[in-house]
Each structure stands twice: as structure tokens, then as C-alpha cells.
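Down below is the structure, laid out as C-alpha cells.
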Amino acid sequence: MSQLLDHLAGSIGSIAKALGAEVSVADELTDYVEVLAQNTISEQVRASGSFAPAQEVSETSSSLERLIAFTGRAVHA
């Protein structure tokens, strides 16, 4: 499941960037998926190379930005 989360986050971001569009996902959905990710992506999983270390985000970051950062991907404002 953790690799699926990473793939989806990356794909959504890549498609949006290619289209020059912003991604809008309900906070309730990304909050839910973030909890799943936190319960799935352990330090052991990160150490295996499946996920990079979580990235820092600002206090004003959206739920989606927090999720993307947790999966180890950079969040670009």
C-alpha cells in the first residue's frame, strides 16, 4: 500500500504540473490518507528505499502538501 500511495502522489503532482493546473483534493480525504500513510510508512520502510525522509512543510501547508511531504516528496509552492 505504501508504494501505491507514493505512486499516486507522484502521478497526481506530475499530471498537474504538466497541465499547468492546481490539484484540489478534499481535506477530509487527504487527512484520512495521511493517517494511513503514517501507520504504513515506518522508518524501516523508509530505510529500505521505498520512501525518502519526510520533508518539512510550513504551518500553513495544506493537507495535501503535508501528505506529499510525509511521503518524502518535495512540496513546491
Side-chain angles (χ1 to χ4, degrees):
M1 176 185 249
S2 60
Q3 290 176 335
L4 175 61
L5 292 172
D6 186 48
H7 178 72
L8 288 174
S11 295
I12 290 169
S14 297
I15 292 168
K17 184 176 180 179
L19 296 175
E22 290 188 31
V23 176
S24 177
V25 180
D27 286 345
E28 295 82 8
L29 176 59
T30 52
D31 289 345
Y32 175 76
V33 175
E34 185 179 9
V35 170
L36 291 177
Q38 290 172 347
N39 290 328
T40 305
I41 304 171
S42 64
E43 289 306 317
Q44 183 178 3
V45 170
R46 288 187 195 279
S48 74
S50 295
F51 288 89
Q55 303 295 304
E56 291 186 28
V57 292
S58 71
E59 291 180 19
T60 60
S61 295
S62 71
S63 179
L64 180 58
E65 290 169 330
R66 287 191 314 271
L67 173 60
I68 291 169
F70 183 78
T71 65
R73 294 181 176 269
V75 175
H76 304 287

Considering residues at least two apart in sequence or located in another chain, which fulfil the side chain to side chain contact (heavy atoms under 4.5 Å, CB included) criterion with S58? T60, S61
Nearest heavy atoms of A69 and V57, plus distance in Å: CB-CG1, 3.2 Å
Heavy-atom pair with the smallest gap, counting every atom of V45 and T40: CG2-O, 3.8 Å
Under 4.5 Å between side-chain heavy atoms, hopping through other hydrophobics if needed: is there a path connecting V35 to I68? no
Pairs touching residues 30-39 that satisfy salt bridge (Lys or Arg N to Asp or Glu O under 4.0 Å), sequence neighbours left out: D31-R66, E34-R66
Using every non-hydrogen atom in the two residues, find where T71 and F51 come nearest and quote the distance to one decimal. O-CD2, 3.2 Å
A54: which residues meet the side chain to side chain contact (heavy atoms under 4.5 Å, CB included) condition with it, sequence neighbours left out? R46, F70
Report the distance from atom CG of L67 to atom CG of L36, rounding to the nearest 0.5 Å. 9.5 Å
